[in-house]
There are 2 protein chains.
Amino acid sequence: MMKVMDAQPWLDDEQQDLWQALLTVVIALPAALDRQLQREAGISNFEYGVLARLSMADEATMRLSDLARVCDSTQPRLSKVMDRFEARDWVARRPDPGDGRYTLATLTDTGRQKLVESAPEHVAQVKRLVFDPLTAAQRRHLGTALTRIAATVRRELEGG
Amino acid sequence: MMKVMDAQPWLDDEQQDLWQALLTVVIALPAALDRQLQREAGISNFEYGVLARLSMADEATMRLSDLARVCDSTQPRLSKVMDRFEARDWVARRPDPGDGRYTLATLTDTGRQKLVESAPEHVAQVKRLVFDPLTAAQRRHLGTALTRIAATVRRELEGG
DNA sequence: TGCCTTCACTTGCCTAGGCAAGTGAAAGGT
DNA sequence: ACCTTTCACTTGCCTAGGCAAGTGAAGGCA
């Protein structure tokens, strides 16, 4: 199958299949989600996630560094997303009164409205692409495995 | 008039957890792989995949359109990757003698050498982040679920 | 044969995002 | 009190990649 890998077989065939499927999912799934959201709502999958996370927070407000962490974002990336959001009046930024180094971001009513109106199509897409193809047992197993991998990857990015 | 939430119910708690884990994996895993490969080999995870796929092909040669499909790439994206690879003499492009519309890409010896020398670290990283956290049974289940999702996403991107 | 359509691929234009350097606020040491 | 260090965040510079338009080859049909 894979010539280089045959010469130095670090991954067996079963691992190869899993790896290929995972590669397709990490490359093609965001692309599919981005396309749908861009077309319907003019935002990316990542931006949707930021809006969703903020909307879940108490008072719809979070420190940027916390938001970056839960969104698996670097700080510069989130900073620029916030620039765009602020320009559209979807979020407001203000210094944390308790510690001037932090910045608090709050979802505005306009921002929440944007999220609510783009949610149905997006959630439907997620269900169609991720949940519908699986049985209930497969979903459970998938959740277990992905949670473990996610934790490992998070440690990697924070530590490295 | 039906309410939005009735038409498109939100995800339940179990689905939320799965979805969050998948989001983290889809966003953070490529980032972690890119960082390692960029640092060690000066290429991206996607570029590594292209080299690997080409190396597996018969005569290390493929039509660009076929290569794009198996790499889950758009044609412009692959076209630009090939520009970079050709500039470094990792691949050679030539028109398909059987049909002048196609372009054949062949991995050069230099290109294969680049792949072989960057493979060990990369594979080790993949094992560490994806395989090591899982039991054998979990790997099997993960492979099954991801394969189903991957097929669905592929259909989505080709059809839509 | 000539023309129109349909491919496969490339190019141009624009935005997103990574990294490294810069700014400004707090904490620690003396 | 001062200076240094360590934060949280932003800015600048550069490259990757998406989309839409452009190029050139092959097939279809008169």
Side-chain angles (χ1 to χ4, degrees), chain A residues 26-40 42-50 61-88 91-105 157-158 160, chain B residues 26-39 42-50 61-88 91-106 157-158 160:
Chain A
V26 299
I27 293 174
L29 181 58
L33 296 173
D34 277 337
R35 277 217 333 198
Q36 183 266 323
L37 271 172
Q38 203 67 53
R39 183 163 33 83
E40 314 267 345
I43 59 176
S44 69
N45 177 47
F46 178 79
E47 289 172 322
Y48 179 93
V50 173
T61 298
M62 289 182 78
R63 288 177 171 178
L64 289 189
S65 42
D66 293 336
L67 186 56
R69 192 164 26 74
V70 298
C71 292
D72 302 295
S73 173
T74 60
Q75 279 202 344
R77 182 179 188 180
L78 182 61
S79 188
K80 288 164 188 177
V81 168
M82 292 317 247
D83 288 346
R84 279 173 258 155
F85 283 0
E86 217 170 22
R88 298 182 186 192
V91 301
R93 274 185 287 201
R94 66 178 190 284
D96 185 330
D99 184 336
R101 289 172 300 182
Y102 292 94
T103 299
L104 297 179
L157 281 182
E158 287 166 8
Chain B
V26 159
I27 293 173
L29 180 58
L33 296 173
D34 277 338
R35 278 217 331 200
Q36 182 267 323
L37 271 172
Q38 204 67 52
R39 180 163 34 81
I43 58 176
S44 69
N45 176 46
F46 179 78
E47 289 172 322
Y48 179 93
V50 172
T61 298
M62 289 182 76
R63 290 176 169 178
L64 291 189
S65 43
D66 292 337
L67 186 56
R69 192 164 24 76
V70 298
C71 291
D72 301 295
S73 172
T74 59
Q75 278 203 344
R77 182 178 189 181
L78 183 60
S79 187
K80 287 163 189 176
V81 168
M82 292 317 248
D83 288 346
R84 280 173 257 153
F85 284 0
E86 215 170 24
R88 298 182 185 195
V91 301
R93 274 186 287 201
R94 67 179 191 285
D96 186 328
D99 184 335
R101 288 172 300 183
Y102 291 94
T103 299
L104 298 179
T106 302
L157 281 182
E158 288 167 7

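All of these numbers come straight from a predicted model, not from anything done at the bench.
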Let's see if you can work this out: which of [options] has an atom nearest to the side-chain heavy atoms of [X]?
{"X": "B:Pro76", "options": "C:dT10, D:dA26, C:dA20", "result": "C:dT10"}
{"X": "B:Arg101", "options": "C:dT10, C:dC19, C:dC7", "result": "C:dC7"}
{"X": "A:Lys80", "options": "C:dG12, C:dC9, C:dG18", "result": "C:dG18"}
{"X": "A:Thr103", "options": "D:dC19, D:dG18, D:dC9", "result": "D:dC9"}
{"X": "A:Leu64", "options": "C:dA8, C:dT11, D:dT10", "result": "D:dT10"}

Mind calculating the distance between [atom1] ([X]) and [atom2] ([N]) to the nearest angstrom?
{"X": "A:Gln38", "N": "D:dA20", "atom1": "CD", "atom2": "C1'", "answer": "15 Å"}
{"X": "A:Ile43", "N": "C:dT15", "atom1": "CD1", "atom2": "P", "answer": "18 Å"}
{"X": "B:Tyr102", "N": "D:dT23", "atom1": "OH", "atom2": "C1'", "answer": "17 Å"}
{"X": "B:Leu67", "N": "C:dT10", "atom1": "CG", "atom2": "P", "answer": "12 Å"}

Next on the checklist: Quick check: on DNA chain C, is the nucleotide nearest B:Gln75 upstream (toward 5') of the one nearest A:Asp96, or the reverse? Name the residue that is more 5'.
Outcome noted: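 Upstream on the strand: B:Gln75.
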Checklist entry - If you find the nucleotide of DNA chain C closest to A:Ser73 and the one closest to A:Gly98, which residue's nucleotide is nearer the 5' end? => result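 Result: A:Ser73.
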Checklist entry - Nearest heavy-atom pair of B:Ala68 and B:Thr74: which atoms, and what distance? => result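 The answer is CB-O, 4.4 Å.
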Next on the checklist: Is there a side-chain contact (heavy atoms from CB on, under 4.5 Å) between A:Glu47 and A:Val50? Walk through the geometry before answering.
Outcome noted: CA-CA 5 Å; A:Glu47 289 172 322; A:Val50 173; 5.6 Å; no
Next on the checklist: Going by side chain to side chain contact (heavy atoms under 4.5 Å, CB included), name the residues that satisfy it together with A:Asp34, two or more places apart in sequence or in a different chain.
Outcome noted: A:Ser44, A:Asn45
Tell me whether the OP1 or OP2 atom of [N] has a side-chain N or O from [X] closer than 4.0 Å.
{"X": "B:Arg84", "N": "D:dG17", "answer": "yes"}
{"X": "A:Ser65", "N": "D:dC9", "answer": "yes"}
{"X": "B:Ser79", "N": "C:dT11", "answer": "no"}
{"X": "A:Thr74", "N": "C:dG18", "answer": "yes"}
{"X": "B:Arg93", "N": "C:dC9", "answer": "no"}

Checklist entry - Of B:Thr106, B:Thr103, B:Asp83, which meets side-chain hydrogen bond (donor to acceptor under 3.5 Å, both in side chains) against B:Arg93? => result B:Asp83
